[in-house]
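Take a look at the structure below.
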Amino acid sequence: MYDRVRETDPAVADALAGEVDRQRETLAMIASENHVSPAVLEAQGSALTNKYAEGYPGERYYAGCEYADEVERLAIDRAKQLWGAEHVNVQPHSGTQANMGVYLAMLDPGDKILSLDLNHGGHLSHGHPANFTGQTYEVEQYEVNPETGYIDYDDLREHAERFDPDIVVSGYSAYPREVEFERVQAAADAVDAYHLADIAHITGLVAAGEHQSPVGVADFVTGSTHKTIRAGRGGIIMTDEEYASDIDPAVFPGGQGGPLMHNIAGKAVGFKEALSDDFEAYAAQVVDNAKAMAEVFADHGLKVVSGGTDTHLVLVDLRESHPDLSGGTAEEAMEETGLVLNANTVPDESRSPFDPSGIRVGTPALTTRGMDEDAVSEVAHLICDVLDDHDDTATLDRVSEQVEALCADYPLYEDL
Ligand code: DSN
C-alpha cells in the first residue's frame with residue numbers, strides 16, 4: 001500500500017498505511033467521523049489537487065479550468081438534488097469556513113450572534129471566545145434545559161427578544177435530539193434576525209429524510225461534507241437564490257483563495273453515492289443503531305442525556321453512574337481496547353472542558369462497516385464493561401479481543 005509514497009518517503013508511507021490499519025482494527029465512534037468510500041478517497045487523491053481555479057464555474061481567474069468546472073458543477077447539481085437548495089456553494093474548505101462565509105456575507109464586526117453554548121453541544125464557530133467568531137462579534141449563548149437535555153425553544157425566543165441578535169444559529173455537535181428548525185426560525189423572525197442552520201453533523205440524515213430539513217426554512221444552511229453524508233472532506237453553504245450574490249464573494253475572495261478542487265471532486269462523488277436508495281437505508285440504520293446503543297446504556301443504568309436519541313449520536317453523562325470517572329479517563333481506557341470515541345461536555349458541566357463528565361458515541365462509521373442493531377448493542381455492552389472496570393487489565397484484554405473479532409466480522413477497506 002502507498003508504494004509510490006514509500007519510494008519517496010517511507011516515513012509518511014508508514015504513517016498512511018498505519019492509519020488505514022488503525023481504522024480497520026478499531027471501532028470509530030467519534031460522531032463527526034465516517035469512512036468514505038474508496039471512490040471518494042481516489043477522487044480526493046486526484047490530479048485536481050494541482051489546479052488553481054479561483055472563481056466559480058465558467059468565471060475563473062485561471063486558464064485550464066474545464067475539468068475543474070465540470071467537477072464543481074456536478075458537486076453543486078448533486079447537492080441541489082440531495083438537499084433541495086436553490087443555491088449551493090461547495091468551496092468552503094470546512095464547516096467552519098462555511099460558517100465564516102455566512103458571517104462575512106451578512107454581518108459586520110460587532111454584530112450580534114445568538115447560539116448554543118459549546119458546553120451544551122454547540123460548535124466552536126458559533127461564537128466561542130477562542131474562535132474568530134467570539135472575537136469578532138458580540139455573542140450570547142442559549143443552553144439546553146439541564147433537566148431534560150432538550151432545547152427550550154420558548155426560552156430561546158425570549159433570549160432573542162432580550163438580546164436582539166443579528167443572526168440566530170441552530171445546528172449542533174453534541175445534541176442527540178431532532179432540531180425543530182421552524183421554532184428557531186420563529187425566534188429569529190420575532191427579532192428580524194437571520195437564521196443560520198449548521199447541519200454539519202446531520203447532513204446525511206437530512207439528505208435521506210431521517211431528520212427534518214432546514215432548507216427552505218432557515219436563511220442559510222451550512223455543513224461539512226464528510227460526516228454523516230460520507231463525501232469528500234470540506235464544507236458547503238446552501239441558501240436561496242436571493243443571497244447567492246452575498247455568499248459567493250464572501251467565500252471567494254472574502255474568506256478563501258483557490259478552492260480545493262480535489263476535495264470538491266470527493267464531494268461530487270460522495271454526493272452521487274448519497275443519491276442512491278442504499279444511502280437512504282444507510283441513514284435509517286445509523287439512527288436505528290444510535291437508538292439501540294442508547295437503550296443498552298440506559299438499561300445498564302447510565303444517564304443518557306435527554307433519555308435517548310433521534311439522531312446518529314448518544315451523549316452519556318457519567319456523573320451519576322461513575323462519579324469518580326472522567327470522560328477523559330474513559331476515552332483513554334476505551335482507546336486501549338480499540339473503542340474510539342470522545343470525552344464530551346454535558347449540560348450543566350461541572351468539570352473542565354479538557355476532561356469533561358461525559359462521552360459522545362456516534363454510529364455513522366460503525367454503520368458504514370455494516371453493523372446493525374445487534375452488532376452495535378454488542379459494542380455498547382463493551383463500552384459499559386470498560387466504564388465499569390476501566391482499570392482492570394483482564395477486562396480491557398477481553399474487550400480488546402472482542403473488538404478485534406468485531407473488526408474482522410465487519411471489515412473495512414479490504415481492497416485498498
Ligand atoms: N470537531 C467536530 C465534532 O467532533 O463535532 C465539529 O464539527
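Start at 1 and go down the list; that is how both ligands and their atoms are numbered.
- With T363 as the fixed residue, the side-chain contact (heavy atoms from CB on, under 4.5 Å) test singles out one of M293, M371, M29: M293.
- Screening residues 353-371 for salt bridge (charged side-chain N to carboxylate O under 4.0 Å, His left out), with sequence neighbours left out, gives R351-D355.
- A salt bridge between R22 and E19 is present, with a side-chain N of the basic residue lying under 4.0 Å from a carboxylate O of the acidic one.
- Defined by atom type and a distance below 3.5 Å, a donor-acceptor pair is present between the side-chain atoms of H87 and D248.
- Near ligand 1, residues S32, H123, S173, H201, K227, R360 each place a heavy atom inside the 4.0 Å sphere around the ligand atoms.
- Legend: residues meeting salt bridge (charged side-chain N to carboxylate O under 4.0 Å, His left out) with E180, ordered by chain and number and at least two apart, are R183.
- Taking the side chain to side chain donor-acceptor pair (under 3.5 Å) definition, one finds that D388 meets it with H300, H322, sequence neighbours left out.
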